[in-house]
Amino acid sequence: MKNINCKDKIETDIIGWFDEVAEDSAVVQRRMLRRILEMNHGVEYLKKWIGDIKIEEIDENLLESIYASLVPLASHADIEPFTKRIADGDATPLLTQQPITNLSLSSGTTEGRQKFVPFTHHSSQTTLQIFKLAAAYRSRIYPIRRGGRILEFIYSSKQCKTKGGIIVGTATTHYYASDEFKIKQQQTKSFTCSPQEVISCGDYKQSTYCHLLLGLYFSHEVEFVTSAFAYSIVEAFRSFEEMWKELCHDIREGSLSSRINIDKVRKSISGITQPNPELASRIESICVELERADWFSIIPKLWPNAKYVYSIMTGSMMPYLTKLRHYAGELPLVSADYGSTESWIGVNVDPSNPPEKVTFAVVPTFSYFEFIPLYKHKSNYNYQNGNINSTNDDYIEGNPVPLCQVKSGQQYEIILTTFTGLYRYRLGDVVEVDGFYKKTPKLNFICRRNLILTINIDKNTEKDLQLVVERGSRILSKGTRRAELVDFTSHANVTKQPGHYVIYWEIKGEIDEKLLDECCRDMDASFVDHGYVVSRRTKSIGPLELCIVERGTFKKILESYIGNGAALSQFKTPRCTSNKVLLNILSVCTIKRFYSTAYGW
């Protein structure tokens, strides 16, 4: 009889489980809805909508339609009064019957302010479940050694308590502090290079230095490189470019840089490292060559046994793929799974697909999912007596449908009903169904609905902006001296009429101003939204403005968010902002301005 090791059996079992629930997703979803409503029957939020209806007596096939007819769609504004009462110590069953002892903070990068979201044991359990499931699919294509290590750029923010005694922190902070995080390492037989003291120190710069240092110490044991977001990996290796000599010194001497000043971190590192002159010399030799090659293929050169780079690479992470591929060389980029602070949603069942083509199979046991069909307007404007009248929204919405009724090729906004107390909650994510895994839909993430540039009748999404910036930034390579786009954001400036788009670029390297003029003009001409084109031609939207900001500006934006309680592992550069703090940073750091001549004015 063939001996099957424990790790292989766990992977086979969890994929087998997912195959079963995916094949029977319609029934599973109805059961999830019943379980959520039975568990939380009588909570204040639900009681005002469904009263004392006996959920257990309703046929499962009818429950979906009854629930949808009685409970309205909700946004965070509807939930916020309840989470505030929970934070203030109200222990009555407001959203869940299970007491809520933790609240997660959303990143705040979308709307400029952080939001409270309930976090329970179920949140940690589903995180463990999706990590194990995703690892099983990756292992089928990229097998890793049992007992190997992970160079994992993970960061916890500081937890604090509200006046009501509720623990507040990011969802990742709660998870890294949970038993499930330790269980994940044991069951997947892959161990992060860094101890808990490094992960939870609360200073991302010190954590990054230690992650890199320990990653180098264990360089031949590292099986893959990962972080929550692609941004964090790119930033870590940008830091490496500046710190590699100091890292080599610490490896050679068995010392630790004075930049690490947190006692518990220093103690945890000193218990792991020891002088290794041979390793330091090998790394130095490689880095000298890498520096000449602009750090191309740094990951496989320094971590020769790494199989892939793993991170969330969709949505606002797409602009970092070029730099990440530069660092990864020929190593495959594997897109991590789809979720939010509110709930995990889907798993990447095809990890060999490049990030640009990744889809996520919905896991029907995580929450109860509904989908609002979204249809694009045939035209974003209409003429009446020679005037242009704007439509009110970015999409025409259909009636919400359950998971079993979604159609391939159709775009939707996701609605969540969760075990953690969210009911018909509009997530704000636009997705497109791209086929099915068994009978559960595979989703392609399109964009966030409320991340939009608009002034008049124009409506440009985050994805539209990314395409425009990608086209404009190609011109940077035309210069005699190499230049690259580090990061970008945008703003719809309506302080003066006519309003206009402002795009902020941080550039590494030198480039001729004539080429930046060309970049500005090309971006303005690349917006294909008909409302924008018409508005530019009729002078109801002014010329696009390109602002070049000084080096380090986007680090200042990051530090502003972290100063407000966000963690690096949660941070996403906002692609469109009206946040006054951010706009002030951008304004102060602007060193050059260019105005488009694409429409002749």
Side-chain angles (χ1 to χ4, degrees), residues 315-316 318-319 356 374-397 409-411 413 430 432 444-476 478 485 488-505 514-548 574-578 583 586 592-601:
S316 59
M318 294 285 283
E356 293 86 352
L374 301 176
Y375 306 94
K376 290 184 179 178
H377 295 282
K378 290 182 180 178
S379 173
N380 279 332
Y381 64 95
N382 55 73
Y383 290 98
Q384 285 188 2
N385 301 321
N387 296 318
I388 300 173
N389 293 314
S390 173
T391 53
N392 293 324
D393 205 358
D394 48 347
Y395 294 94
I396 298 171
E397 297 181 356
Q410 175 65 52
Q411 290 189 0
E413 180 186 349
V430 178
E432 184 174 310
N444 175 18
F445 180 85
I446 302 298
C447 63
R448 292 282 295 167
R449 278 195 77 169
N450 55 352
L451 282 180
I452 193 166
L453 276 170
T454 182
I455 289 173
N456 184 27
I457 60 171
D458 51 306
K459 291 178 176 67
N460 283 293
T461 67
E462 177 182 15
K463 196 163 189 176
D464 297 327
L465 176 66
Q466 286 177 6
L467 291 170
V468 164
V469 170
E470 184 181 329
R471 177 167 175 174
S473 61
R474 287 175 191 160
I475 298 168
L476 295 177
K478 288 184 179 181
L485 181 63
F488 70 93
T489 189
S490 67
H491 172 59
N493 187 335
V494 291
T495 54
K496 294 181 180 179
Q497 293 301 318
H500 68 286
Y501 291 1
V502 185
I503 297 179
Y504 299 89
W505 279 9
K514 289 181 180 179
L515 288 178
L516 289 172
D517 261 327
E518 190 179 338
C519 291
C520 182
R521 185 172 61 251
D522 265 28
M523 285 194 293
D524 198 10
S526 296
F527 283 105
V528 296
D529 171 68
H530 204 55
Y532 184 79
V533 173
V534 168
S535 297
R536 284 289 283 119
R537 286 175 178 166
T538 58
K539 299 187 178 183
S540 52
I541 290 181
L544 183 141
E545 179 181 359
L546 172 61
C547 293
I548 307 301
R575 296 301 172 206
C576 176
T577 186
S578 57
L583 290 174
L586 292 163
K592 293 178 183 176
R593 299 178 189 271
F594 301 88
Y595 293 90
S596 168
T597 56
Y599 290 85
W601 68 294

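Position 1 is the first residue of the sequence; numbering continues from there.
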Straight-line distance of Leu544 CG to Ile503 CD1, nearest 0.5 Å: 4.5 Å
Closest heavy-atom pair and its distance - Gly531, Ser535: O-OG, 2.7 Å
Value rounded to 0.5 Å, distance of OG in Ser596 from NE2 in His500: 11.0 Å
Any donor-acceptor pair under 3.5 Å from Asp517 side chain to Lys514 backbone: no
4.5 Å side-chain heavy-atom contact, Leu465 and Asn460: no
Nearest-0.5 Å distance that lies between atom CD1 in Ile541 and atom CG in Asp458: 3.5 Å
Ser540 and Asn456 side chains, donor-acceptor separation under 3.5 Å: yes
Under 3.5 Å donor-acceptor, Gln410 side chain and Leu374 backbone: yes
Donor-acceptor under 3.5 Å (Arg575 side chain, Phe488 main chain): yes
Side chain to side chain contact (heavy atoms under 4.5 Å, CB included) partners for Val533, two or more places apart: Arg537, Tyr599
Side chains of Leu467 and Ser526 in contact at under 4.5 Å (non-hydrogen atoms): no
Check: Thr489 side chain, Pro574 main-chain N or O, donor-acceptor pair, under 3.5 Å: yes
Side chain Arg448, main chain Glu462, donor-acceptor under 3.5 Å: no
For Gly472 against Cys519, the heavy-atom pair lying closest together: O-SG, 3.3 Å
Modelled atom types, side-chain donor and acceptor of Asp524 and Tyr532, under 3.5 Å: yes
Donor-acceptor under 3.5 Å (His491 side chain, Thr577 main chain): yes
Contacts of Glu413 that satisfy side-chain hydrogen bond (donor to acceptor under 3.5 Å, both in side chains) - sequence neighbours left out: Arg426, Arg449
Counterpart residues, side-chain hydrogen bond (donor to acceptor under 3.5 Å, both in side chains), relative to Asn493 (two or more places apart): Thr495
Geometric class of the Tyr501/Phe527 ring pair [parallel <30°, tilted 30-60°, perpendicular >60°]: perpendicular
Pairwise side-chain contact, Ser490 with Leu453, heavy-atom cut-off 4.5 Å (strictly under): yes
Thr454 (side chain) donor-acceptor with Lys459 (main chain) under 3.5 angstrom: no
Asp464 CG to Asp529 CG distance, which is reported to the nearest 0.5 Å: 7.0 Å
Approximate separation, where rounding is to 0.5 Å, of Lys463 NZ and Phe445 CZ: 9.0 Å
Test item: Met523 and Phe594 side chains (from C-beta on) under 4.5 Å apart, heavy atoms: no
Glu356 side-chain N/O to Met318 backbone N/O, donor-acceptor pair under 3.5 Å: no
Separation between OG1 of Thr597 and CZ of Arg521, rounded to the nearest 0.5 Å: 4.5 Å
